[in-house]
Amino acid sequence: MIDKLKSETDFVSFRSVNKAYGAVQVVRDLNLDVSRGEFLTMLGPSGSGKTTSLMMLAGFEQPTSGAILLDGKIISAVPPHKRGIGVVFQNYALFPHMSVLDNIKYPLRARGARSADCTDEALQALTMVRLEALAGRKPSQLSGGQQQRVAVARALVFKPNLVLMDEPLGALDKHLREQLQDEIKDIHRRTGVTIIYVTHDQSEALTMSDRIGVFNGGRLIQIAAPGELYRRPIDTFVASFLGESNLFQASVVEAGPDASTVKLPGASVRKVPGKAPASGSNVALLVRPEHIRLLAKPTSKPEGHLAVIQSIAYHGDHLRVKARSQDLGEIAAKLPVGSMEITPALGEEVGIDWRDEDSVVVRQATG
């Protein structure tokens, strides 16, 4: 029955998967399909269920109920080493007494490959991560970024169809993290391997993924391409977790199929694109900081809302400004340097506005 639910493109499938430790439910009714060759990121805070879901797929944990399918076959009874899955952990998990080359050869030897074949395959994997010159070193003689490259090479050396990565860049500094993000994405493009990647870093998820699944409280809340997820989050949790956001309390005046009218504090009414919940519903209006405009304080009726500048921070190509409005509360704005309508000053009262098409109604997140 479960096999019949699989589509032709599904490579990995979670079907009504639950995981509990005693009375604590850590994964709740997970239904998720991953296509062959896809780069899917599981994103969420600590304790959201993303790593447990990954570990169940790897075989290190067993579902309490439900089924996990790999290439159309239920894998509950298949031990981890027979699933043909490469795994990369945050702590590298390299053997300290082995050389870099021997660490990479280990998965091949465990699968019964000949010594000569092991060496050739391991050197090819090292070349892929540009570390062939360090084949004879021990892990302790490598930097953190180099050790993680070795871990990636080891996960790929036996040419798996699926690689799982659990916070692989979490221990690295910002520069190294960004460098390895590019390298992992490049390896994905060149090899076509399916990658399921776990992180709590929103920037990492947006940069690397074909799709992102946002987890919270053991549930998969929303899954979509990065741009869609950023522009049209399903609720206030996703909106807040994926990027900086302004979430203004609002009520639905009129809900239409293509556009809806909402009322903001201060009697401001906006017509925004997209379908909203039923009239009278309490919602939030999402406006990303890059869409906020600062206007000179009008002499008569203000355009938008009035707010007082609370802080200004210089970030090279843009200013990050925080202001406080009596109607809307705290407001964050990202203003491109060189194209601002006004130059903000601390303590100044300004007008706050945005285009209706740059806002979206989102539902209030439930616990």
Using a 4.5 Å cut-off on heavy atoms from C-beta on, say whether the side chain of [Y] contacts that of [X].
X: Ile184; Y: Met165; answer: yes
X: Phe215; Y: Leu43; answer: no
X: Pro160; Y: Ile85; answer: no
X: Phe158; Y: Leu108; answer: yes
X: Asp317; Y: Val337; answer: no
X: Ile68; Y: Leu70; answer: no
X: Val87; Y: Asp166; answer: no
X: Leu169; Y: Thr199; answer: no

Side chains of residues 322-333: which donor-acceptor pairs under 3.5 Å do they make with residues two or more places apart or in other chains?
from	atom 1	to	atom 2	distance (Å)
Ser325	OG	Leu306	O	3.2
Ser325	OG	Asp327	N	3.1
Ser325	OG	Leu328	N	3.2
Asp327	OD2	His305	ND1	3.4

Show, in sequence, the C-alpha distance, side-chain angles and deciding distance for His318 and Leu335, and conclude whether the side chain to side chain contact (heavy atoms under 4.5 Å, CB included) test is met. CA-CA 5 Å; His318 70 276; Leu335 308 175; 5.9 Å; no

[atom1] of [X] to [atom2] of [Y]: how many Å apart, nearest 0.5 Å?
X: Met208; Y: Ser203; atom1: CE; atom2: OG; value: 10.5 Å
X: Asp358; Y: Glu290; atom1: CG; atom2: CD; value: 8.5 Å
X: Arg154; Y: Met98; atom1: CZ; atom2: CE; value: 9.0 Å
X: Gln310; Y: Leu346; atom1: CD; atom2: CG; value: 8.5 Å
X: Phe11; Y: Leu162; atom1: CZ; atom2: CG; value: 5.5 Å
X: Glu341; Y: Arg293; atom1: CD; atom2: CZ; value: 4.5 Å

Pair Arg36-Asp71, side chain to side chain contact (heavy atoms under 4.5 Å, CB included): steps then yes or no: CA-CA 9 Å; Arg36 188 183 297 274; Asp71 205 15; 2.9 Å; yes

Test: ring-ring contact (aromatic ring centres under 6.0 Å, His included). Region: residues 178-198. Which pairs qualify, not counting sequence neighbours?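 Residue pairs passing ring-ring contact (aromatic ring centres under 6.0 Å, His included), neighbours aside: Phe39-His188, Phe39-Tyr197.
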
From CA spacing to verdict: side chain to side chain contact (heavy atoms under 4.5 Å, CB included), Thr194, Asn161: CA-CA 6 Å; Thr194 306; Asn161 291 319; 5.7 Å; no

Cluster check [X], [Y]: I/L/V/M/F/W/Y, side chain < 4.5 angstrom:
X: Ile309; Y: Ile342; value: yes
X: Met128; Y: Ile104; value: yes
X: Ile187; Y: Leu134; value: yes

For Phe241, enumerate each residue passing the ring pair (Phe, Tyr, Trp, His ring centres under 6.0 Å) test, keeping only those at least two apart in sequence or located in another chain.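 For Phe241 the ring pair (Phe, Tyr, Trp, His ring centres under 6.0 Å) partners, ignoring immediate neighbours, are Phe237.
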
Taking only residues two or more places apart in sequence, or in another chain, which ones meet His175 in a ring pair (Phe, Tyr, Trp, His ring centres under 6.0 Å)?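 For His175 there are no ring pair (Phe, Tyr, Trp, His ring centres under 6.0 Å) partners, ignoring immediate neighbours.
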
Decide if atom NE2 of His291 counts as having more than 12 heavy atoms of other residues, nucleotides or ligands within a radius under 6.0 Å.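 Yes, enclosed.
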
Any chance NZ of Lys185 has more than 12 other-residue heavy atoms, nucleotides or ligands included, within less than 6.0 Å?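 Correct, the count exceeds 12.
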
Considering only distance and modelled atom types, tabulate donor-acceptor pairs under 3.5 Å from the side chains of residues 282-289, sequence neighbours left out.
from	atom 1	to	atom 2	distance (Å)
Arg288	NE	Tyr230	O	3.4
Arg288	NH1	Ala239	O	3.1
Arg288	NH1	Leu242	O	3.1
Arg288	NH1	Gly243	O	3.4
Arg288	NH1	Glu244	O	3.0
Arg288	NH2	Tyr230	O	3.0
Arg288	NH2	Leu242	O	3.0

Using a strict cut-off of less than 4.0 Å between a Lys/Arg side-chain nitrogen and an Asp/Glu carboxylate oxygen, indicate whether Arg15 and Asp10 qualify as a salt bridge.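 Yes, charged N to carboxylate O under 4.0 Å.
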
With a 4.0 Å cut-off on N to O distance, would you call Lys138 and Asp102 a salt bridge?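 Salt bridge between Lys138 and Asp102, a charged N being under 4.0 Å from a carboxylate O: no.
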
Quick one: do the Asn216 and Ser48 side chains pair a donor with an acceptor below 3.5 Å?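 Judged by distance alone, the side chains do not pair up.
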
Under a plain distance cut-off of 3.5 Å, with no hydrogens placed, do Thr64 and Asn18 share a side-chain donor-acceptor pair?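 No, no side-chain donor-acceptor pair sits under 3.5 Å.
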
Please find the pair of heavy atoms, one from Arg320 and one from His315, that lie closest to each other, and give the distance.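 Between these two residues, the closest heavy atoms are CD-NE2, 2.9 Å.
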
For the pair Tyr21 and Thr52, evaluate side chain to side chain contact (heavy atoms under 4.5 Å, CB included) and give the outcome as yes or no after the intermediate values. CA-CA 11 Å; Tyr21 297 103; Thr52 301; 4.1 Å; yes

Examine distances only and state if a side-chain atom of Arg83 and a backbone atom of Leu57 form a donor-acceptor pair shorter than 3.5 Å.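 Yes: the side chain of Arg83 pairs with the backbone of Leu57.
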
If only atom types and distance count, is the side chain of Gln148 paired as donor or acceptor with the main-chain N or O of Pro168 below 3.5 Å?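 Pair found, side chain donor or acceptor close to backbone of Pro168.
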
Scan the side chains in residues 264-279 for donor-acceptor partners under 3.5 Å anywhere in the protein, sequence neighbours excluded, and list what turns up.
from	atom 1	to	atom 2	distance (Å)
Arg270	NH1	Trp354	O	2.9
Arg270	NH1	Asp356	OD1	2.9
Arg270	NH2	Asp353	OD1	2.6
Ser279	OG	Val253	O	3.4

